[in-house]
Every structure is written in structure tokens, then in C-alpha cells.
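I have placed the structure first, in the form of C-alpha cells, so that the comments after it can refer back to it.
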Amino acid sequence: MNTAATPRTIRIHPADNVAVVVNDGGLPAGTALPGGPTLVHAVPQGHKVALADLPAGTAVRRYNVVIGHTAVDIPAGGWVNEQRLVMPGARSFDKLPAPQPPAELPPLTGHTFQGYRNADGSVGTRNLLAITTTVQCVAGVLEFAVERIRQDLLPQYPNVDGVVGLTHSYGCGVAIDAPDAIIPIRTVRNLASNPNFGGEVMVLSLGCEKLQPERLFPAHAIPIQTATDAPAAGAAGPWEVPTVPGRETRGGVAGFGAVCLQDDQHVGFMSMIDSILTQARGHLERLNRRQRETCPASDLVVGVQCGGSDAFSGVTANPAVGFATDLLVRAGATVMFSENTEVRDAVDQLTRRAATQDVADAIVRELAWYDAYLARGQADRSANTTPGNKKGGLSNIVEKAMGSVVKSGNGPIHGVIAPGEKVTQKGLIFAATPASDFICGTLQLAAGMNLHVFTTGRGTPYGLAECPVIKVATRDDLARRWHDLMDINAGRIASGEASIQDVGWELFQRLLDVASGQRTWAEKWGLRNDLVLFNPAPVT
Ligand code: CA
């Protein structure tokens with residue numbers, strides 16, 4: 001146990017001139033640090049203490065990276081916080097290190113899970129009916145229908161885990177032909193084919209919206225627009241491209257169908273609900289026939305992110321996630337790390353780790369695009385940090401980024417995808433997304449994520465309906481208080497009870513268990529955050 005009697009600090013790198021206070025509740029002024037200075041100020045848990053005199057203008061190093069310069073004289077044993085630290089400017093994209101990737105990590109074999117194999121080769125960890133929407137207007141009707149499906153239909157299909165309405169704020173009132181509109185559009189499209197939905201695509205549209213079903217799913221629009229035996233778009237009731245067993249699927253879609261609320265056949269609200277339930281039945285029949293089978297760990301597509309970070313994030317949870325990332329990549333899986341503003345200050349580390357020059361160029365392309373996006377809104381990467389981050393000891397985005405990027409482990413970076421794109425590659429992928437928990441999670445779902453790892457220090461009850469979220473606490477205190485919300489306690493690393501490797505292996509094993517059907521705390525309580533699209537294009 002940490003008590004005031006046994007002061008504990010963590011210095012990440014021998015060259016660092018600050019260390020982080022570990023003790024719950026922090027340490028009072030006058031505390032003598034073992035082998036270090038005596039505290040001049042009271043220093044809260046997770047905050048930095050100067051290990052040497054730091055006159056104004058001194059470079060402050062954590063992770064052996066300059067996270068800022070002292071704004072005032074700080075004596076040894078003094079508290080280094082955001083008010084006393086001047087943030088460095090963003091690293092220029094000029095003269096970045098050329099790729100010098102680390103050696104490929106040694107293969108790790110023999111790890112499997114029980115998953116749902118799809119026709120396109122992807123593997124689901126859950127068996128869900130997802131209903132895609134083209135526009136927010138239909139959300140209320142869909143919510144009503146989903147409740148009916150849950151009560152009246154799901155009991156007849158016991159092998160289906162649930163029904164999810166993929167609602168969002170897009171679809172109309174937007175500049176849909178603006179170049180950047182491709183991001184929300186392809187996100188909605190690719191969300192529909194997440195591996196957890198079994199290749200069943202069911203669409204609910206209004207009728208008059210800008211994001212027409214045929215624009216969303218062009219491959220399926222062709223027969224609707226041209227075939228004489230199919231109803232004209234917007235003119236008839238539920239339409240479907242029937243699935244014949246053994247028939248070649250299109251774009252990984254096994255069964256496709258849509259309901260349009262403005263169709264003439266709908267007279268009264270209940271006729272809409274009936275159409276939706278009729279359409280849902282066909283999809284549920286097929287989903288109910290899915291069976292779990294033994295799949296190699298290489299079929300996992302894991303998205304990692306953090307939220308509600310503190311100074312421990314980069315010491316305990318994120319390094320443990322990084323260790324598990326390496327295990328997953330060694331096992332042949334896909335791991336996506338994201339959160340543009342939290343890797344921006346580590347861009348030189350990323351280009352160095354890029355497997356090829358093309359990957360390095362793509363990393364810079366995505367981060368430069370994001371810089372420009374932020375600049376259009378007269379902001380920059382420093383807008384990322386929250387009051388909670390600062391209270392938790394993270395002085396600025398540079399410090400936060402250095403602790404965030406370690407989730408990506410130590411191997412080469414094999415690929416890059418832009419926001420909303422589908423990942424098609426194994427290995428370690430930089431999936432460019434905003435750091436917003438909900439937008440990052442939504443974009444990783446669209447990329448094809450079938451498991452989500454989420455680290456938190458301040459604590460967030462984050463969960464997704466579409467995919468299991470395994471939450472990792474950075475501190476003992478959080479894991480203790482939120483014992484029925486946090487799935488893994490990485491705080492044991494700070495207290496010395498476990499190593500980064502111990503927690504990394506524990507997380508890896510838990511990922512396989514959850515992929516096989518074991519429920520996370522968020523699933524047990526039914527905690528679900530909204531999907532939130534990234535729309536950098538104008539609204540009208
Ligand atoms: Ca985040």
C-alpha cells in the first residue's frame with residue numbers, strides 16, 4: 001500500500017529531470033523523497049516534481065522528451081505544473097527522420113478465440129443485427145422499432161446477441177458534395193459492414209434526404225434504379241437483394257434490404273414499424289444461423305485509444321496496452337492506434353518507425369491535413385487537453401502525446417488509413433482519427449474493429465453497443481472505486497505489484513476471452529455511447 005510514510009515517485013527515463021508522484025492523495029510539502037529532493041510544495045498524485053533546480057527557461061524532460069520549458073524558477077522538490085511550463089511549438093514536418101523501422105517482432109503462434117466467421121473472411125466477436133440509417137430524421141422511429149425488435153423478435157432468435165440502431169446526426173442539412181463529405185459518408189457505409197454485423201446490411205431511410213440509400217451503397221442501388229422487376233427507388237416498400245446460399249456476395253454483404261419511411265405504402269406510424277420488423281426478420285433468420293468457431297488470434301482487429309487521461313496513463317495502462325499491441329501484431333492481428341492530436345508531437349518517432357517511405361509519407365499526409373483542419377477553426381493541437389487531464393498531472397499536449405503514443409507498442413508501423421476508411425491490412429496501422437473518444441471509436445468501428453481497448457486515468461464509463469470495449473484503469477484508486485466498470489487494473493504497475501509485461505499478457509488473454517463471448521463490465525451494464533461521425537465539411 002502507498003501511504004504518506006512511503007513516498008513513491010516514477011521517473012520514466014534516466015535523463016528526465018522530473019518524476020511523477022504515485023501516492024494516492026499526493027504528498028505534502030516537507031516529504032523527503034527516497035534518493036531525491038525534499039518536496040518544497042505539496043504535489044498531487046500524478047503530478048510532476050522537479051528532481052533538480054530548474055531555473056526559468058530550463059527544458060523539462062519526461063520520456064526523455066522536452067515537454068516544455070520552465071516559465072519561472074522551480075527549485076528541486078518543487079511542483080511542475082501547467083502554469084509553470086511553457087509548451088514547445090509543434091514539430092515541423094520538414095526534415096523528419098527517414099524510416100529506420102525496428103526489426104519485425106518474432107511470430108507468436110497458438111493463440112485462438114471463438115468467433116463468427118463471415119463470408120468475406122472477416123470475423124465477428126458478437127452477433128448483432130445492425131440497422132443503418134441515412135439521416136437523423138428516422139432516429140425516433142428506429143428507436144421505437146428497435147425496442148419492438150428487442151421485445152418481440154429477439155426471443156425467437158436466441159443466437160443473436162442484440163439489435164443496434166446505427167443512428168447519427170448526418171444525412172441532410174449538410175454540404176454533401178463538399179470534398180470532405182466523403183469522410184462521414186464512407187464512415188456510415190463502412191460501419192454497416194463491421195464484422196460483428198455478419199454481412200447483413202439493413203437500411204432505414206426517410207426518402208427526401210441528401211444521403212440517399214443508393215448514394216450510400218452504390219453497388220446495391222443499380223438493380224433498384226434500372227431493373228424493371230424491382231421497385232423504383234422511393235416508390236415501394238421494403239426492397240431486398242435476396243441471399244441465396246452459396247451465392248457470391250457483393251462487397252462482403254450477405255443480405256441487403258432497406259425500408260423507406262416516405263414510401264406511399266406506409267399509412268400511419270404502425271405500418272412503418274411493421275415494415276421495419278418484417279425486414280428485420282429476414283436478417284435475424286440468417287444471423288441466428290451464425291455459429292462461433294475456432295479462429296486464430298490473427299483474425300482480431302483491435303482498436304486502441306485512451307480517454308480521461310492522467311499522468312499515469314503513460315506510465316501504467318498505455319505501456320501495458322503497448323505490450324499487448326506487440327503480442328497481437330506478433331500473433332498476426334491488426335491493431336489500430338489513432339488520435340491525431342495525441343501523436344502529432346511524436347511525429348518524428350512515427351516516421352522513424354514506418355515500415356516504408358510510403359507509410360511515413362501517409363502519416364505526414366494525415367497529420368498535415370489535420371493541422372490544416374484545426375487551423376481552419378483557428379485552433380491547434382493544444383486544444384486537446386482537458387481540465388481533467390491537467391488536474392491529473394498532464395501539463396500540456398506534448399506530455400499527453402508522449403504517454404498516449406506508447407499504446408502503439410514497439411514494432412514497425414505497417415500501414416495508414418484515413419478517417420472512415422476500412423482497414424485491409426494486418427499488423428500495426430495508424431488509423432487517423434480525432435482524439436474525441438466517440439469519434440475515434442466510431443471511426444475505428446468503420447475501419448472494421450471487432451475489439452476495442454480503452455485506457456482511462458480520470459475514469460470514464462465509456463462503452464459501445466457495436467463492439468466490446470475492454471477498459472484499463474491507470475491507477476489502483478480508480479480500479480478500486482470503479483471496481484465494476486474497469487476490466488483491467490494497470491495501477492498495479494505503479495504500486496510495484498505487477499510489471500508492464502504481466503498486465504500486457506493479462507490484457508492479451510482477456511482480449512481473447514472477450515472475443516470469444518465473455519462480457520465486459522460495460523456490456524453487463526448495457527453502457528453504450530452514441531456513434532459520432534467526423535464531419536469536417538460544412539453544414540447548410
Ligand atoms: Ca480518445
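What you see below is based on every heavy atom in this structure, not just the backbone, and it leaves out hydrogens, waters and symmetry mates. Since the structure is predicted, the reported quantities are computational estimates derived from the model, not experimental observations. For ligands, and for the atoms within them, numbers begin at 1 and follow the listed sequence.
Around the Ca ion (ligand 1), the protein atoms of type N, O or S found under 3.0 Å away are Gln305 OE1, Cys306 O, Glu339 OE2, Ala435 O, Asp437 OD1, listed by chain and number.
Salt bridge annotation for Arg376-Asp180: present, with a cationic side-chain nitrogen under 4.0 angstrom from a carboxylate oxygen. Using a 4.0 Å cut-off between a side-chain N of Lys or Arg and a carboxylate O of Asp or Glu, Arg344 and Asp371 qualify as a salt bridge. Under the 4.0 Å criterion applied to side-chain N and carboxylate O atoms, Arg492 and Asp476 are not assigned as salt-bridge partners.
Counted by atom type alone, Ser404 and Glu342 present one or more donor-acceptor pairs between their side chains at under 3.5 Å.
Under the 3.5 Å distance criterion, the side-chain polar atoms of Lys48 are matched with a main-chain donor or acceptor of Gly393.
For Phe534 and Tyr373, the ring centers sit closer than 6.0 Å to each other.
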